Number of protein chains: 2
Amino acid sequence: MPATLATLESSRCPITRSVSLLGDRWSLLIVRDVLGGLHRFDELASHLKISRAVLSPRLAGLVDAGILERADYREPGARRRAEYRLTESGQELVPILAALVDWGRRHVAGSAGLRLAHTGCLSPVHVEMGCAAGHAVPNAQLRIDVPPGH
Amino acid sequence: MPATLATLESSRCPITRSVSLLGDRWSLLIVRDVLGGLHRFDELASHLKISRAVLSPRLAGLVDAGILERADYREPGARRRAEYRLTESGQELVPILAALVDWGRRHVAGSAGLRLAHTGCLSPVHVEMGCAAGHAVPNAQLRIDVPPGH
DNA sequence: CAGTATCCGGTGCGATACTG
DNA sequence: CAGTATCGCACCGGATACTG
């Protein structure tokens, strides 16, 4: 039998924590677009077709969570610009996006409209699980395991 | 035209599609608990500390999305029970959960309370990205092409 | 360009109570 | 055990208008 009740109970569960930060309708889409090269407020608003009144607090939340960072840029002679960039923590969301892409392409009809590629060779990218002993881990061989001590 | 839920669901971006199915505060936690061995309505309600009036439509949505399946069974002499199990499609959400665990453990304070292990050797599990040419793909070497309008 | 302010309707969610 | 019914509030998110 897999994990026990007491196991899953903990609010220190990293899934709970991650979902509470990222589990809404916009955050991961914003990350996707920033990763895809959109860095400015109005670019994001118009590409996502999201109201600016909604985008603003979303960006603030992601900055607050340490996923994005905001920088004002002023090129000589030009006006001020604000830029949103992924922090290192934000950059490490990439496997989550890749896993969502993998799943969506396989299990949701009509979702073939986005490609992930390796910058080195332009081949398509997929996600795998592996264990510390070097084995590939298929979905059915994963178990939720809780260290002793709650 | 602004984005409604309907237009999000008709998007061809697999991230958008996946997020529109899974991107709320409960769905992935329900999947985690079912994966962890909880299969009955009241078990899930009390463990997740979610109102039954909220759980009920959530489960229906996951069943509708083909992620869970519901089965009534009646052991001889016992009363009826309803069980929720992961479909094959639901099983394949595992890499998404694993990626969320990886990220949460590294970037969200106080989220060390859950671990993933390989059933074969009990070693910790992590996610990796690979390309079709067989290369390991680090986060910085992923290129994402976001088509306009999605 | 990068936001805020205001209004307002829809929905998420908890609490409580009731049903088969 | 497995739900449904109802209430009420908080928050999400769209439209529009305004600011530096």
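Throughout, a chain's letter reflects where its sequence line sits, starting with A, and its residues are numbered from 1. Because the structure is predicted, anything quoted here is derived from the model rather than measured.
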On DNA chain D, compare the nucleotides closest to B:Glu83 and B:Ala53; which residue's is nearer the 5' end? B:Glu83

Along DNA chain D (nearest heavy atom to each residue), the more 5'-positioned of B:His39 and B:Ser51: B:His39

[X] [atom1] to [N] [atom2]: how many Å, rounded?
X	N	atom1	atom2	value
A:Leu38	C:dA2	CG	C1'	16 Å
A:His47	C:dC1	NE2	C1'	19 Å
A:Asp24	D:dC11	CG	C1'	12 Å
B:Leu48	D:dA2	CG	C1'	16 Å
A:Leu44	C:dA2	CG	P	9 Å
A:Asp42	C:dA2	CG	C1'	6 Å
B:Tyr73	D:dA2	OH	C1'	13 Å
A:Leu55	C:dA2	CG	C1'	10 Å

Taking only side-chain nitrogens and oxygens of [X], does any of them come within less than 4.0 Å of OP1 or OP2 of [N]?
X	N	result
A:Trp26	D:dG13	yes
B:Ser56	D:dT4	yes
A:Arg40	C:dG3	no
A:Arg70	C:dG3	yes
B:Arg52	C:dG14	no

Of all the nucleotides listed (C:dC13, D:dG13, D:dG14), which has the minimum atom distance to the side chain of B:Arg58? C:dC13

Options C:dA2, D:dT6, C:dC13, nucleotide nearest the side-chain atoms of A:Ala82: C:dA2

Is it the case that the side chains of [Y] and [X] hold a donor-acceptor pair, with the cut-off being a distance below 3.5 Å and no angle test?
X	Y	answer
B:Asp33	B:His47	yes
B:Thr16	A:Arg32	yes
B:Arg143	A:His118	no

Is there a Watson-Crick or G-U wobble partner for D:dT16 with both distances under 3.5 Å, and if so, which one is it? C:dA5

Are B:Cys121 and A:Cys131 packed together at the side-chain level, in the sense that at least one heavy-atom pair is separated by less than 4.5 angstrom? yes

Yes or no on salt bridge (charged side-chain N to carboxylate O under 4.0 Å, His left out) for B:Glu83 and B:Arg70, after CA distance, side-chain angles and deciding distance? CA-CA 6 Å; B:Glu83 278 213 342; B:Arg70 200 198 118 116; over 6 Å; no

